[in-house]
Amino acid sequence: MEGKVSRASRKLEASPIQELSQLAQTCRAINLAEGFPDFPAPPHLKAAALSAITGDFNQYRHVQGICHLLATQMKGRHGIAVNALSDFVICCGQSEAFAASIFAIVDPGDEVLLFDPAYETYESCILLAGGIPVYVPLSPPDWSFKKDELMKYFTSRTKALVLNSPHNPTGKVFTRDELETICEACKIMECFAITDEVYEYITYDRELHISLASLPGMQERTIITSSLSKTFSVTGWRIGWACAPANIASAIRNIHVKITDSAPAPFQEAALTALQSPPDYYCSLRTEYEARRDYVVQILSVLGFQVRFKPKGSVFIFAELPDHCELSDIEFVKKLIEKAGVAAVPGCGFFHTTPQPQDGEKYQRRYIRFAFCKSGETLSAARQKMEQCVNEDGQLSF
Amino acid sequence: MILSSPFTASVAHHYEMPLSLRSFTSLNRALLSSSSPSSLLLRRSSLVPTMAASTTTTVSSTDAAPQLNQSTPSPPPVQVAKRLEKFKTTIFTQMSSLAIKHNAINLGQGFPNFDGPDFVKDAAIEAIKAGKNQYARGYGVPDLNSAIASRFQKDTGLIVDPEKEVTVTSGCTEAIAATILGLVNPGDEVVLFAPFYDSYEAVLSMAGANIKCITLRPPDFAVPLEELKSVVSANTKAIMINTPHNPTGKMFTREELEFIAQLCKENDVLVFTDEVYDKLSFEMDHISMASLPGMFNRTVTLNSLGKTFSLTGWKIGWAVAPPHLTWGVRQAHSFLTFATSTPMQFAAATALQTSDSYYEELKRDYLAKKAILVEGLEAVGFVVYPSSGTYFVVVDHTPFGFENDVAFCEHLIEEVGVVAIPTSVFYLNPEEGKNLVRFTFCKDEATLRGAVERMKHKLRKR
């Protein structure tokens, strides 16, 4: 029967990450690995969901009102004018929106550009669609790329570029300058852009998220994907969307209908409430996350991590191991779990390229991703636990 | 690579995907240079070979040598993937719009106009209040996996490991997509029975499968065993079964399942079986292929909450399969949706633990509804084919003198005010379904009676 498993899955091995995950559970480690909150979802949202279930919104549906609210937001925040009736596809999370978008535009053999480091799932979707992922490395410590270098990664087979901003795992927010470079390249090469903007409301230091589609000439070639999950701390509700010009949205919708057919009905209803949250909500979201970011940056710095790039957005910090540390990221995280009882994610899983000579060979094994979408108590407890494992210089050492 | 909570990254290892297919990108660009989006789509469809019983949609022998033309400024690019040929706007949407326009009673759409039981809704409410609103474990909340395993054991006698053999997905639709995308390689032969639920063909083509289609024919839609045997070989990767069957209501008999099982064992073939209507089995007992001797190890059994508990919008489905097949399903699932709605999973666990009396009452209710519809359809003059399960009935509309099912359905909406679904959409070759339409009886009794009255008064034989 072994021969019956698909070629793709046969090549995959059990990941060292899975072992770490199991270790974390066995050690009951404080989890700063997972990118979802351990604090409750906003009360007004939960109430809306309860009311939807009781109000019998429980059969297949498409809640058009969501599209109108999103369209208004896009116009207000980014100056992008979209058609609420034709340009949206409501999906089971941004995950499905992205998968459906890839399947809608990627043919076997098409190349898709990704910035490296990258969230792992993008590549898997592209490969499943028969596409070829091509990675554009972002150089440490500030995860920048050279303008003139970007064009070298495009070929006549490039179908799309994936842009995740604010960025997981680095916390980078692509600047207007960088977006303009990307914009020019996409226009010259006549390719699509697919954006993942799930952290769009989580930016710091007055940095604003700029939507790539708002740049001249980009709307017609951009598929925007995002979701409620991170903005509203409801990662388990699976409400996301794709927004694109009508004919592309139609293609995405047709795929979506065959993959899941409908996003969970009562949560679509609750999304109406979420998307009508007052400006205050978004302000507090940002302020509270910024406080958490600052706290974690401080702790990690004191513990000896090199935080040469303070995240400008997202709920992650990508910290470099202390200079003196000779362990790899995986080895370090293993010790962190076993000895300090705190879990984080080794950065190597996010890298896909061969390091450039100027960046040094080893940096891809030197980064750890910490999530700070956790309550104050959790973060404080994590700090205390890590403080138990410091050497005479006060630095984390195993 | 396994995406398991809480670690969402994995060590990068590059696995080989079969990339033996030609690139269509340059062909896309050639088509792009001087056409508007809609004409592009029309032109693209003329390049796809006409559907035959066996087809692949990812390689086309009609590709011309493309010319890269970048000198002409192009309109907004419509470079949709070739696989979109199979992903058109569905007939359901079209019929629904027409229905609303004419205020028609909708017996086309396959979901209830009544809601699910309070005890299940209450469980979801409790879960939301208790804060179960973040990502669930990718392959399912442990409570639900266990409840699925228990239910499966009660139904089939098979003991399965909830951790290794059960995967929760966003509805059975996603379970089907994950199964096919996770286990079928481009070029693999898959046997499908027509008429079929429309996502099967679409997703199989997305996976690049070579579809071999066997048509089930009225009056009893029995499996043509010899034809099936002639089509199955050592090259066959999988056979897809849907029992109880949408749209016909047919239920695969033990003899049919044993015949298929024998072919599968002789030729080392997998079975993907969609059993969402298993609790709506009226005229005979539902039999799961997985429970036949020697079949569990090669079967993926798919099911969901929605039909059984009248909560179709919750999107809770699952796949039960041996570990080596579950692996592929989970891989694809992790890229398609990553995780399934958390509070609904907790509620689903509660639902599945309910006593048998729930299912008995469900059947009684549906039998009463079926009686109203079937008697009505017969009185009106349709040829009504016996439906053993599901909440669908197919009928022959030809006594009313229309040339095909779409024309009949349009007339039914516009002049009579009732919606049915033209079944030709469920066939690879639409001609084969043109005499049949599908009615559903998952509506409250008043609605069903109302529809029957309209048809009695306004539908006339020509």
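The chains referred to below are lettered A, B, ... by the order of the sequence lines, with proteins before strands, and numbering in each begins at 1.
At a 4.5 Å heavy-atom cutoff, B/Pro322 makes no contact with chain A through either its backbone or its side chain. With a threshold of 4.5 angstrom between heavy atoms, B/Thr340 approaches chain A through N, CA, C or O but not through any side-chain atom. Contacts of B/Tyr200 with chain A are absent, with no heavy-atom separation under 4.5 Å from either backbone or side chain. For B/Lys129, the parts lying near chain A are the backbone and the side chain together; criterion is any non-hydrogen pair under 4.5 Å. A/Lys230 touches chain B through its side chain: at least one heavy atom from C-beta onward sits under 4.5 Å away, while N, CA, C and O do not. Neither the backbone nor the side chain of A/Ala100 comes within contact range of chain B; no heavy atom of the residue lies under 4.5 Å from a heavy atom of that chain. If you measure heavy-atom distances from A/Ile252 to chain B, you find no contacts under 4.5 Å at all.
A cation-pi arrangement is not found for B/Lys307 relative to B/Phe111, the charged atom failing to lie both closer than 6.0 Å to the ring centre and inside a 45° cone about the ring normal.
Counting only heavy atoms from C-beta outward, the side chains of B/Pro112 and B/Thr312 approach each other to under 4.5 Å. With contacts defined as side-chain heavy-atom distances shorter than 4.5 Å, the pair B/Asp115/B/Lys121 qualifies. Side chains of B/Lys315 and A/Asp261 form a contact here, defined as non-hydrogen atoms less than 4.5 Å apart. Side-chain contact between B/Phe272 and B/Val184: present, with at least one pair of heavy atoms (C-beta onward) separated by less than 4.5 Å. Side chains of A/Phe192 and A/Val106 form no contact here, defined as non-hydrogen atoms less than 4.5 Å apart.
Your options are B/Ser341, B/Ser199, B/Gly306, B/Cys172, and the one with the most heavy-atom pairs under 4.5 Å with chain A is B/Ser341. Ranked by heavy-atom pairs shorter than 4.5 Å toward chain B, the options A/Arg61, A/Glu96, A/Gln94 are led by A/Glu96. Annotation: maximal heavy-atom pairing with chain B below 4.5 Å, among A/Thr54, A/Val234, A/Ile102, occurs at A/Val234. In terms of heavy-atom pairs under 4.5 Å with chain B, the best-connected choice from A/Gly240, A/Cys125, A/Ser233, A/Ala263 is A/Ser233. Each of A/Pro264, A/Ala371, A/Ala99 has some count of heavy-atom pairs under 4.5 Å with chain B, and the biggest count is that of A/Pro264. Note: A/Trp237 leads A/Tyr122, A/Phe39, A/Trp237 in heavy-atom pairs under 4.5 Å with chain B. In terms of heavy-atom pairs under 4.5 Å with chain A, the best-connected choice from B/Pro343, B/Gly171, B/Ala332, B/Ala177 is B/Pro343.
Taking CD1 of B/Ile180 as the start and CG of B/Leu204 as the end, the distance is 4.0 Å to the nearest 0.5 Å. We find the OG-CZ distance between A/Ser95 and A/Arg238 to be 4.5 Å, quoted to the nearest 0.5 Å.
Taking the charged nitrogens against the carboxylate oxygens, B/Glu201 and A/Lys258 have no contact shorter than 4.0 Å, which rules out a salt bridge.
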